[in-house]
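Notes for the one structure printed next.
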Amino acid sequence: MKHNFRKIEGKWQQRWEEAGIFKAVDGSPKPKFYGLVEFPYPSGAGMHVGHIKAYSSIEVIARKRRMQGYNVLNPIGFDAFGLPTENYAIKTGIHPRKITDQNIAKFTNQLKRVGFSFDWDRVIDTTDEDYYKWSQWIFLKMFEKGLAFRDTALVNYCPNCKVVLSNEDCQGGHCDMCHGEVVQRSKDVWYLRITAYADRLLEGLEHVDYPENVKQQQINWIGKSKGAFVDFAVDGIDEKLEIYTTRPDTLFGVTFMVIAPEHPLIDKYADRVQNMDAVKAYRAECAKKSEFERTQLVKDKTGVKIEGLVAVNPVNGKKIPIFIADYVMMGYGTGAIMAVPAHDQRDYDFAKAFGIDIIEVIKGGDMSKEAYTGDGEMVNSEYLNGYTNKKESIERMLEELEKRGIGRAGVQYKMKDWAFNRQRYWGEPIPIVHCDYCGPVAVPYEELPLRLPPVEHFQPGEDGESPLAKVESFVKCKCPKCGRDARRETDTMPQWAGSSWYFLRYTDPHNKEALADPEKLKYWMPVDWYNGGMEHVTRHVLYSRFWHQFLYDIGVVPCPEPYAKRSIQGLILGPDGDKMSKSKGNVVDPLDIVEDYGADTLRTYVLFMGDYSAATPWNDNSVKGCKRFLERVAAFTDMISEDPDTQKLETSLHRTIKKVSSDIEEMKFNTAIAALMTLTNDIYALGKVSREQVQTFVKLLNPFAPHLSEEIWEATGGEGFLALAEWPSYDEAKTVEAQTEIGVQINGKLRATVVIPTGAEKEEVFAIAKANARIASLTEGKTFVKEIYVPNRVVNFVVK
RNA sequence: GCCGCUGUGGCGGAAUUGGCAGACGCACUUGACUCAAAAUCAAGCGGAGCGAUCCGUGCCGGUUCGAGUCCGGCCAGCGGCACCA
């Protein structure tokens, strides 16, 4: 048979669809397998080869599971709200709804042409009102529980996109969408209280199968630290200045305090501050600095001493100055710190710049050079003197603070609450009404979905206002609580809202009464295996775990964690080894590969190209190599023979079954395909193969190259769809040859190879090895000090 | 600075987890087929040497009968976080 991919691929795709063989069955008595991939954002550019690689892993596992008798849910959908579509709408004047529909149609066609075994009856679109109704519903549930709240605070704002961003959306101080610089702005915004789930998010990681680096990255992002809150009195006024520290044991080394420029203390006691002009000037300067400038000047500490306010060290009564400085952030801890220049490099740098005392309380460093952050004996610290164990000295100090009522143990997180509103059109409307009398009021559940109104212009306002603010018919409404005139919230939800629960909707995508039927959730959840990208670890994966934990708490979902197992795919780089980008012109279009080489070749290549989790450059020649492999397989049909000689292939065949089966489970797709290639080479070396052997071969190949393998299955008289045939099993006894070639070493150096009966006794193996002419001559006249045998691998003679 | 990862032929990558380094593929060389080329099939392919042999997994050291794999110390690169108190 020739591999005529153009003729067979469309044919099989049509047959699979007509027979509906990839439909998941709710409540089937078979064991269930829920495999999930990150649903795409349907951009105008169409699919990227990266999508193909990302989806191919779960695709292969899902196809294998089906053949192993599982009831498989392998869904796909579209995460379609978002800025690129809206920006395109602004540019062209075409409505985002229309653009989205076109892009979804394009993606659907592309995905189908690759032959993915998705259940197309369960497709979801986050911009569909029947879907976002439930995104809004979840928001209202959070509002009800106090987890969605409004607050005025400093927020990240992208002047270019004219939008407020969450911390996760501007990591490194750059807007995730336009890569422009983000500024801090005081604004009234909606937050989701993800910090209330910080400990749960940490704890949950202990019960899921995620790669270690993924767990680590989430742990770091959450950034839990244990320490203490300590109250410092301010001399002459009835005010406590509370600080957070991880080293309360260094309290005797405090020589000054620093508060953030935005700290409320200053305004509250403005009348006492003698140098208000200087303080105000410094604040203005800080407000102007970008994130970039603030981090660039790490070494050059700046600040202003507040004249007129003096703090008192609660452990020794010493009076210490208070500064404002921008190295202290309002957003972490209490926005105020106790400064211990002897043992904190930032405090040290500041003390040096301002000529402040440095008091050593832990021995071991050189105070003339730098702060000492290591361990050592406590000194100058009264009751702590002599302690050498950090943990003990901290415990001792905490005891003292608590006894005197001036401090307490506490924890802090780097993670902040999730800034949840965007001043944009193409997102889920936030179902809240603002009433002058009642405050923010929930839209009644029966009024959901709160639909996006049609608008003429999608431009956000210059003042950072949502385009919806101009739609009077939308804005004007009655307060659901008191009935008076009120205004609707005009901001929409961020990109990440729809993806925070979509895996639940797949279990019951058309439900009108609930986000999903509890029985179906119980049957399918949790997701057994979720593959995606590293870039979502501290955004989507964290957010969706948070939503899921919340839904678990209110009894909507049956399990505390959404994903039992998470895996990560590595990037596909351009042929030049750089990240693919339009500007570099090194982008590979998957549809070009489908047209020139076929979907099976594309699928095989993206998994064969290298270690699945590593970044690997694209190579056109290697694509051809995969095509050549499939052509060689197609020709098996012309090599079929009843000759008993074909039994010589059995060992190789059983080894291949074993290797392919286990490699797929470990996501070692490259070596699984390599094993199929090795078997192919063995078949060519023999020049013939039995019909049964070919059929076993195509079963193993089916997850990777489903079209060709179905074609061969049919041509060799296979019954029904190969996609539903039984996954082959192997006979361990048949995976070993009667004889094995092993290495013989002398003093650890390979000197010969000998053939032994597989599994032979140690003594017999030594005898065979010593009988080898070369070994005999090299050991002649020497004494054997030690003889080592690793069964069926290697012999090592230590001789003198 | 902190956290995590990686380093193996001309290239992508293997190595049963401490046991014959370089599976498989690409590129390249040669042969068969062909008037010829392509395709295909077959053979070769880490480096040095005619050779027996010697050298080789980023570098230096260690443990071991035996190290790509384990330990200590460097170097280089990638990803993430970062004035987080």
Side-chain angles (χ1 to χ4, degrees), chain A residues 171-173 211-217 219-221 223-225 227 243-247 250 258 294-299 301 325-329 331-340 343-347 349-350 373 412-416 534-535 537-538 570-571 573 577 604-605 608-611 613-626 628-629 631-632 635 658-659 662 668 670-678 680-681 684-685 687 741-754 774 785-799:
Chain A
Q171 301 185 18
E212 205 42 50
N213 56 336
V214 169
K215 286 189 183 181
Q216 223 21 266
Q217 206 165 304
I219 290 167
N220 290 348
W221 183 257
K224 182 174 183 171
S225 83
I243 60 95
Y244 176 73
T245 178
T246 53
R247 295 301 304 267
T250 61
V258 183
R294 274 179 85 145
T295 51
Q296 280 304 293
L297 302 168
V298 168
K299 277 282 160 195
K301 293 282 179 291
D326 65 357
Y327 83 92
V328 173
M329 311 288 148
Y332 183 79
T334 62
I337 63 157
M338 62 177 219
V340 185
H343 306 292
D344 182 290
Q345 192 57 40
R346 294 153 302 177
D347 297 345
D349 294 338
F350 192 87
T373 54
Q412 277 293 307
Y413 304 94
K414 288 187 195 175
M415 182 173 67
K416 307 237 171 55
M534 205 61 203
E535 71 276 16
V537 167
T538 53
L571 286 178
L573 305 173
T604 305
Y605 174 64
F608 180 67
M609 64 192 298
D611 179 343
S613 63
T616 310
W618 185 269
N619 183 319
D620 281 321
N621 279 322
S622 290
V623 177
K624 288 177 197 161
C626 288
R628 200 172 296 153
F629 161 60
E631 282 164 352
R632 279 160 69 86
K658 183 179 181 179
K659 178 127 185 86
S662 63
K668 290 160 78 174
N670 54 339
T671 50
I673 294 165
L676 289 168
M677 289 172 169
T678 303
T680 302
N681 290 341
Y684 270 72
E741 192 189 64
I742 64 164
V744 183
Q745 298 178 337
I746 294 175
N747 296 334
K749 293 220 170 206
L750 183 73
R751 293 301 177 191
T753 58
V754 294
R774 199 162 132 68
V785 181
K786 207 168 180 183
E787 299 176 352
I788 295 140
Y789 175 50
V790 181
N792 301 321
R793 305 292 310 170
V794 75
V795 165
N796 188 17
F797 294 128
V798 183
V799 299

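Note that the structure is a prediction, hence the values are computed from the model and not measured. Chain letters run A, B, ... following the sequence lines, proteins first and then strands; every chain starts at 1.
- Taking atom P in both B:A38 and B:C45, the straight-line distance is 23 Å, to the nearest Å.
- Residue A:Ile337 has its side chain nearest to B:A85 when only B:C55, B:C41, B:A85 are considered.
- Between the side chains of A:Asn619 and A:Tyr605, not a single donor N or O lies within less than 3.5 Å of an accepting N or O.
- B:A27 and B:G12: their C1' atoms are spaced 11 Å apart (whole Å).
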- Using a cut-off of 4.0 Å between protein heavy atoms and nucleotide atoms, how would you tag nucleotides 9-15 of chain B 5' to 3' with B, S and -? ---BSSS
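- Atom NZ in A:Lys414 sits about 9 Å away from atom P in B:C83, given to the nearest Å.
- Each of A:Lys416 and A:Trp221 lies near RNA chain B, and the nucleotide nearest A:Trp221 is the one positioned closer to the 5' end.
- Comparing B:A85, B:C3, B:A21 by their nearest atom to the side chain of A:Gln216 picks out B:C3.
- Rounded to an integer number of Å, the gap from CZ of A:Arg632 to C1' of B:U40 is 10 Å.
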Interface polar pairs with nucleotides 65-68 of chain B, N/O, under 3.5 angstrom:
| residue | atom | partner | partner atom | Å |
| --- | --- | --- | --- | --- |
| B:C65 | O2' | A:Asn796 | ND2 | 3.3 |
| B:C65 | O2 | A:Asn796 | ND2 | 2.4 |

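- Distance CD1 (A:Ile243) to P (B:A85): 12 Å, rounded to an integer number of Å.
- Dashed line: the shortest gap from a side-chain N or O of A:Arg628 to OP1 or OP2 of B:G25 is not under 4.0 Å.
- The residue A:Gly223 sits apart from the nucleic acid: no heavy atom pair falls under 4.0 Å.
- Within the nucleic acid shown, A:Tyr413 has no heavy atom closer than 4.0 Å to any nucleic acid atom.
- Helical stems of RNA chain B (runs of at least 3 Watson-Crick or G-U pairs, donor-acceptor distances under 3.5 Å) are listed by first residue: B:1-7 with B:75-81, B:10-12 with B:24-26, B:28-32 with B:40-44, B:46-48 with B:53-55, B:58-62 with B:70-74.
- As rounded to the nearest Å, B:U53 and B:G61 have P atoms that lie 27 Å from one another.
- Within 4.0 Å (heavy atoms only), A:Glu212 reaches no atom of the nucleic acid at all.
- Rounding to whole angstrom units, CG of residue A:Asn220 and C1' of B:C3 are separated by 5 Å.
- For a distance-only test at 3.5 Å, the side chain of A:Lys624 fails to qualify as a donor-acceptor partner of the base of B:C26.
- When rounded to the nearest whole Å, the span between OH of A:Tyr327 and C1' of B:A82 equals 16 Å.
- Between B:G72 and B:U6, the distance separating the two P atoms is 15 Å to the nearest Å.
- Remark: A:Lys301 is positioned above the aromatic ring of A:Tyr327, its terminal NZ or CZ atom under 6.0 angstrom from the ring centre and at most 45 degrees off the axis.
- For the C1' atoms, the distance from B:G62 to B:G18 is 16 Å, rounded to whole Å.
- A:Met338 pairs with exactly one of A:Ile243, A:Asp344, A:Val258 by the side-chain contact (heavy atoms from CB on, under 4.5 Å) rule, that one being A:Ile243.
- Taking atom CD of A:Gln217 as the reference point, atom P of B:C78 lies 17 Å away to the nearest angstrom.
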- Step by step, work out the side-chain hydrogen bond (donor to acceptor under 3.5 Å, both in side chains) result for A:Gln345 and A:Asp349. CA-CA 6 Å; A:Gln345 192 57 40; A:Asp349 294 338; 3.0 Å; yes
